Amino acid sequence: MNLIAYGDESYMVKCKIPHFVVGGWLVEQGKDDMCCSQWKAMLDFYGVKFFHFKEYADKKSHKYNRTTQYDEWDDKKHEDFLYQMAIVACDLGVPVGGCSAQSKNKPGTAFALIKHAFHLYFQGVIISSGKFADFNAQVDKINFIFDENEDPLWRKALDEEFNECKEHGHAPFGSWKYGKDAAAETACLPLQAADLYAYAIRQNAERFFNDGMKAGQPRVLDFVLEKNRADVNNHVNSQHVWAEYSKKVIAHMRQWRKQHPKETYHQLIHFPYLQQT
């Protein structure tokens, strides 16, 4: 059984601690087709042509886009859409990703940091392949599809790290290629799901660095996206069961917010798990 790893990048350089993320999904070959139909159906339901988290997050500030596809939406619809896409994405496969950051002790060049982000991503893919019982690393291969990037620095870092992992690390890697996540006719929809996860990782990294490198509570979005994470056992739940459970958490979060408008909701602290199971 061969696997496909979809990957996208997200980064922040004009900040206190520049950081670079590569993230996405490790998928059983063939299952991505099922996810594509579900992803497309959800886009059509909301009347959205394609999903880019950067555009989605730009609805209010319009820092990067003069207009967005979400400008006429109210906050509830805007939030509902993201959670619905996350519920589809989390059933695609296992989330994988890595974040490389500049530090005072190890400043590093942009190229070195980007290359390290790919290294962490590839290591995550290798570890996560163990969640697929039918995958045999001796005979099967992991092929990669990354969102197209015109920056030669990113391509060079990807190519070098991929070859090093494949040749020196004896990783069961096949090949890699670029795909397009937003082209109308040839869109690779799993890359849009990779964009969602990579951007979510970067958001968490930004919060981590801005908060004195203190680990924070995961958001409801992270709770939904990381159903199949390599170090947890939530994959035993079907998509339907997980979707219903996630919706209970989201409903509880909204009710809790009304009662505590000045506080932050954390599902691991506030959601009454024992009463819901």
Side-chain angles (χ1 to χ4, degrees), residues 6 8 10 23-28 31-60 65 67-97 147 181-182 184 187-204 218-229 232 234-258 264-268 270-271 273 276:
Y6 293 94
D8 198 4
S10 185
W25 302 91
L26 183 61
V27 185
E28 180 182 342
K31 187 173 181 180
D32 46 345
D33 291 336
M34 180 178 67
C35 178
C36 284
S37 62
Q38 294 175 342
W39 188 272
K40 181 65 166 58
M42 196 61 66
L43 290 176
D44 291 344
F45 179 80
Y46 279 91
V48 174
K49 294 180 180 178
F50 57 85
F51 177 83
H52 273 167
F53 208 144
K54 187 175 182 179
E55 181 203 11
Y56 171 86
D58 203 31
K59 173 181 178 288
K60 293 183 179 179
N65 304 272
T67 62
T68 76
Q69 300 178 85
Y70 317 99
D71 286 349
E72 304 303 318
W73 292 9
D74 61 29
D75 289 345
K76 184 178 183 301
K77 183 177 180 180
H78 191 243
E79 187 178 72
D80 281 343
F81 171 71
L82 182 63
Y83 287 130
Q84 292 285 8
M85 301 311 288
I87 289 171
V88 174
C90 75
D91 200 50
L92 179 61
V94 181
V96 288
D147 187 29
D181 65 353
C188 181
L189 297 180
L191 287 177
Q192 294 183 23
D195 171 89
L196 197 168
Y197 188 57
Y199 199 95
I201 295 175
R202 194 205 58 72
Q203 287 181 324
N204 284 326
R219 302 164 296 175
V220 172
L221 176 63
D222 305 316
F223 168 77
V224 175
L225 285 172
E226 297 186 341
K227 172 173 79 82
N228 292 335
R229 220 173 66 183
V232 297
N234 288 328
H235 65 286
V236 298
N237 291 319
S238 68
Q239 183 184 28
H240 175 73
V241 170
W242 186 253
E244 292 304 309
Y245 191 75
S246 298
K247 289 173 182 177
K248 289 182 179 180
V249 175
I250 294 165
H252 183 266
M253 174 190 68
R254 286 176 170 155
Q255 182 181 14
W256 191 93
R257 280 176 176 172
K258 291 180 180 179
T264 302
Y265 180 84
H266 298 299
Q267 79 286 344
L268 295 181
H270 300 120
F271 184 71
Y273 288 94
Q276 295 290 333

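Worth saying up front: this structure is predicted, and the values here are computed from it rather than measured.
Between Q255 atom CD and H270 atom NE2 the span is 13.5 Å, to the nearest 0.5 Å. For the atom pair L221 CG and I250 CD1, the distance stands at 9.0 Å (nearest 0.5 Å). Here CE of M85 is found 10.5 Å from CG of D195. Values are rounded to the nearest 0.5 Å. Here CZ of F45 is found 7.5 Å from CE of M42. Values are rounded to the nearest 0.5 Å. Annotation: the span from L82 atom CG to L196 atom CG amounts to 5.5 Å, rounded to 0.5 Å.
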Exercise. Please assess D80 against K76 for the test salt bridge (Lys or Arg N to Asp or Glu O under 4.0 Å), listing each intermediate value before the final yes or no.
Key: CA-CA 6 Å; D80 281 343; K76 184 178 183 301; 2.8 Å; yes

Exercise. Check the pair K59, E72 against side-chain contact (heavy atoms from CB on, under 4.5 Å), reporting the backbone distance first and the verdict last.
Key: CA-CA 9 Å; K59 173 181 178 288; E72 304 303 318; over 6 Å; no

Exercise. Please step through side-chain contact (heavy atoms from CB on, under 4.5 Å) for the pair E244 and K248, ending with a clear verdict.
Key: CA-CA 6 Å; E244 292 304 309; K248 289 182 179 180; 5.6 Å; no

Quiz prompt | Candidate pair K77 and D74, rule side-chain contact (heavy atoms from CB on, under 4.5 Å), full reasoning | solution = CA-CA 6 Å; K77 183 177 180 180; D74 61 29; 3.3 Å; yes

Exercise. Could you give me the CA-CA distance, side-chain angles and deciding distance for Q203 and F53, then say whether side-chain contact (heavy atoms from CB on, under 4.5 Å) is met?
Key: CA-CA 11 Å; Q203 287 181 324; F53 208 144; 3.8 Å; yes

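The aromatic rings of H252 and F271 sit perpendicular to each other, their planes meeting at more than 60°, with 30° as the lower class boundary. Between Y46 and F81, the ring-plane angle classifies as perpendicular under the 30° and 60° cut-offs.
Considering all non-hydrogen atoms of both residues, V224 and W242 come closest at O-NE1, 3.3 Å. The two atoms that bring C36 and P190 nearest to each other are SG-CD, 3.4 Å, heavy atoms only. For the pair C90 and K227, the tightest heavy-atom approach, listed with the atom from each and the gap, is SG-CE, 3.7 Å. Residues D71 and T67 come closest through the heavy atom pair OD2-CA, 3.4 Å. Of all heavy-atom pairs between F223 and V249, the closest is CE2-CG2, 3.7 Å. Shown here for C188 and Y6, the closest heavy-atom pair between the two residues is SG-CE2, 3.6 Å.
Here Y199 and H52 keep their ring centres 6.0 angstrom or further from each other.
In this structure, D222 contributes its side chain and R219 its backbone to a donor-acceptor pair below 3.5 Å. Remark: side-chain polar atoms of Y56 are paired, donor with acceptor, to backbone N or O of H78 under 3.5 angstrom. Under a 3.5 Å cut-off, the side chain of E55 and the backbone N or O of Q69 do form a donor-acceptor pair. When atom types are taken as modelled, the side chain of Q192 and the backbone of F50 share no donor-acceptor pair closer than 3.5 angstrom.
Counting heavy atoms from C-beta on, the side chains of D91 and K31 come closer than 4.5 Å. Using a 4.5 Å heavy-atom threshold, the side chains of W25 and L225 count as touching. Residues V48 and W73 are in side-chain contact: their nearest non-hydrogen atoms beyond the backbone lie under 4.5 Å apart. By the 4.5 Å heavy-atom criterion applied to side chains, L268 and P218 are counted as neighbours.
Judged as a salt bridge (Lys or Arg N to Asp or Glu O under 4.0 Å), and not counting sequence neighbours, the contacts of K40 are D44. Under the rule for a side-chain contact (heavy atoms from CB on, under 4.5 Å), the partners of D147 that lie at least two apart in sequence or sit in another chain are D8, D181, L191. Every residue two or more places apart in sequence or in another chain that forms a salt bridge (Lys or Arg N to Asp or Glu O under 4.0 Å) with K60 is listed here: D75.
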